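Only one structure is covered here, and it is reproduced in the block below.
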Amino acid sequence: GERRRAHLVLSPFRARPVVESAREPSPAGRDGRARGGSVHDAAGARRQARASAARASSREAELEANEERARASRRARALRVSSARASVGGLVDVSPLRRRPPLASVDLTADVQSARCAAEEFPPHSSRARIPPRARTPRVMTAPPAFKTLIVGVNAATHVGTLALNRPSKSNAIDGDMWREVPEAMRWLDENEHVRCVLLTGEGKNFCAGIDVSTPESLSSQLGQSNAMKGACAGRKAEALYRCARRGSRSSENDRSTLTTTDALADSHQSPTTTFHRRHIRRLQDSFTSVERCRVPVICAIQGACFGGGVDLVTACDVRFSTRDARFCVKEVDLAITADIGTLQRLPTIVGHGVATELALTAREISGEEAERVGLVTRAFADAGELSRGASAAAIAVAAKSPLAVQGTKAAMLHARDHSVNEGLEHVAVMNSARLTSEDLTEAMSAKFQRRKPIFAKL
C-alpha cells in the first residue's frame with residue numbers, strides 16, 4: 001500500500017514542509033533505490049550550496065559597488081564645496097582635481113569625514129551652496145596711477161612694489177612734479193594690500209642729481225620764488241606766494257592735518273612771505289617723509305650720482321644698497337643753503353654725528369665703498385646688474401615674512417630712534433600685546449614643523 005510521509009526541506013532563505021508521495025519499496029530493490037536517492041540528494045545539496053554562495057557573492061559585490069559610488073559622490077561634493085569657498089575669496093585652486101589619484105589607491109576616510117562636515121554646513125540643495133556670479137569673480141588689483149616723473153608697479157606674486165625715478169635725461173633731478181608725485185605714489189603703495197615691501201630705484205645711470213638747477217627759473221621755483229613778481233609790492237608777493245602754495249604738492253585737507261599749535265604760533269609772529277617759505281619747506285619735507293611713513297619697508301638701490309635731495313630721499317628709506325662706484329654728496333652748502341629736507345636730521349643716526357657733520361659742512365663726495373664703511377649703505381655691489389639682483393632678492397625676502405611682524409619691526413625701529421630705551425620698550429610691549437594673537441604666528445609655527453614655506457594673509 002501507499003503511505004504519505006512529510007519531509008522538511010531546508011533552504012538558505014526559508015524553511016517549508018513539503019509533502020511527497022512515495023511507494024513502499026520491495027525488499028529486493030530497497031537497497032539500490034536508497035543508494036540512488038542518497039546520490040541524488042547529495043548532488044542537489046551541492047548545487048544548492050553553489051547557488052547560495054553565488055548569490056551571496058553577487059550581493060556582496062553589489063553592496064561594495066554601491067558603497068564605492070557613494071564614497072565617490074560624497075568626495076566630489078566636498079571638492080565642489082571647497083572650490084566654491086575658495087572662489088569667494090578670489091583664489092581658486094583646482095590642482096587637487098587635476099592631480100587626484102584613482103579612487104582605488106586612496107584612503108577615503110578623511111575625505112568622507114570632511115565631505116560630511118561640508119555637507120552639514122552647506123547642504124547640496126540649500127541656497128547657501130549656490131555662489132552668486134558676483135562672488136565668483138576674483139579680485140582684480142587696480143592699476144597704479146600714471147605719473148609724469150615716476151614709474152610705479154606691483155608684483156603680485158612676490159608682493160614687492162616698485163617706485164622708479166623717471167627723469168633719466170636730467171639724471172632724475174627733482175622738479176616740482178616729482179615733489180608732488182612722490183607722496184602720491186607712496187600713499188598708493190602704502191594702501192595697496194598686495195604690497196609688503198617697496199623697492200626704490202632710479203632710471204638711467206644716476207640715481208638722483210638733487211634738485212633741478214638746470215635753469216634759474218627752475219631753481220627759483222624750487223625755492224618758492226617767482227621772477228614774475230619782481231618789482232611787486234610785498235602784499236602782492238605774499239598773495240601770489242599763497243596761491244602758489246595752494247597749488248602745491250598736497251591738498252588743503254592734508255595741509256590742515258599737519259598744522260600744529262606750534263605752526264600756528266610761528267605763523268602769527270612771521271611776515272606773510274616768511275610764513276609761505278616756511279610752509280613751502282614743510283611741504284617739501286613731507287614729500288620725502290612719506291617714504292619713512294610708509295608702513296612697509298622701503299629698500300633703495302643707488303647707482304651713479306646721489307647728490308643733495310637724493311641724499312634726503314635715501315636717508316628716509318629703511319635699507320640702502322649701492323654700487324661701488326656710486327657717489328654721495330650733501331651738496332646744499334655749495335648752493336648757499338642749509339640742507340632742510342631731512343639729511344641733517346636722519347644722517348647722524350645712520351653714520352654717526354661726527355661723520356654726518358663732516359660731510360654736511362664740506363660737501364665732500366664719497367664713493368659707494370666708503371659709504372659702506374661708514375654705514376650709509378648696507379652693501380656695495382660691483383655693478384648695476386648685481387645691485388639690481390641683490391636689492392630685488394632682499395625685497396623678496398622681506399616680503400615673504402609676516403606682514404604684521406615686518407611692519408611692527410619698522411615701527412619699533414623708528415620709534416626707538418626718536419625716543420629713549422624705556423619708551424621704546426613700552427612702545428613695543430603695547431604693540432606686541434595685540435599682535436601676538438594674530439594668525440601669522442600660528443602659520444609661521446605650522447610651516448616650521450611641516451617643513452614648508454609659510455603663506456600669510458593679505459594686509
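Every value quoted in this text rests on a predicted model; they were computed, and no experiment measured them. In this chain, numbering begins with 1 at the start of the sequence shown.
Within a 6.0 Å sphere centred on CD1 of I455, other residues, nucleotides and ligands contribute 12 heavy atoms or fewer. Crowding of E62 atom CD: a count of heavy atoms from other residues, nucleotides or ligands under 6.0 Å not exceeding 12. Crowding of R379 atom CZ: a count of heavy atoms from other residues, nucleotides or ligands under 6.0 Å not exceeding 12.
Side-chain contact between M186 and V298 is present, with at least one heavy-atom pair separated by less than 4.5 Å. In this structure the side chain of F456 never reaches within 4.5 angstrom of the side chain of K401, judged on heavy atoms. Side-chain atoms of V311 and C329, non-hydrogen and from C-beta on, never get closer than 4.5 Å to each other.
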Evaluate salt bridge (Lys or Arg N to Asp or Glu O under 4.0 Å) for K148 paired with E181, printing each intermediate quantity in order.
CA-CA 8 Å; K148 183 178 179 181; E181 292 177 352; over 6 Å; no
Check the pair D175 / R167 against salt bridge (Lys or Arg N to Asp or Glu O under 4.0 Å), numbers first and verdict last.
CA-CA 10 Å; D175 62 353; R167 295 189 73 202; 3.5 Å; yes
I'd like to know whether V428 forms a side-chain contact (heavy atoms from CB on, under 4.5 Å) with H415, so could you lay out the CA-CA distance, the side-chain angles of the two residues, the decisive distance to 0.1 Å, and finally the verdict.
CA-CA 9 Å; V428 74; H415 187 275; over 6 Å; no
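Among K453, R452, K448, the one residue that satisfies the salt bridge (charged side-chain N to carboxylate O under 4.0 Å, His left out) test with E443 is R452.
With no hydrogens or angles considered, no side-chain donor-acceptor pair links D340 and T338 at under 3.5 Å.
Residue V291 comes nearest to C317 through the heavy atom pair CG1-SG, 4.0 Å, listed as atom of the first residue, atom of the second, then distance. Closest non-hydrogen pair, A173 versus M178, comes out as O-CE, 3.9 Å. Across all non-hydrogen atoms, the minimal contact from G375 to I350 is O-CG2, 3.4 Å.
Taking CG of L313 as the start and CD of E292 as the end, the distance is 11.5 Å to the nearest 0.5 Å. Here CG of L436 is found 10.5 Å from CG of L404. Values are rounded to the nearest 0.5 Å.
Judged by distance alone, the side chain of Q303 and the main-chain N or O of G202 form a donor-acceptor pair under 3.5 Å. A distance-only check finds a donor-acceptor pair linking the side chain of H159 to the backbone of H194 [under 3.5 Å]. Judged purely by atom type and a 3.5 angstrom limit, S433 uses its side chain to pair as donor or acceptor with the backbone of V430. Side-chain atoms of R320 come within 3.5 Å of backbone N or O of L376 as a donor-acceptor pair. With S392 contributing its side chain and R389 its backbone, the two residues share no donor-acceptor pair below 3.5 Å.
For S171, the side-chain contact (heavy atoms from CB on, under 4.5 Å) partners are N206, A209, not counting sequence neighbours. Partners of R324 according to the side chain to side chain donor-acceptor pair (under 3.5 Å) rule, which considers only residues two or more places apart in sequence or in another chain, do not exist here.
Under 4.0 Å is where a charged nitrogen must lie from a carboxylate oxygen, and between D190 and R187 no such pair does. Between E67 and R74, at least one side-chain nitrogen of the basic residue sits less than 4.0 Å from a carboxylate oxygen of the acidic one, meeting the salt-bridge criterion. The pair D318-K410 meets the salt-bridge criterion, since a charged nitrogen lies less than 4.0 angstrom from a carboxylate oxygen.
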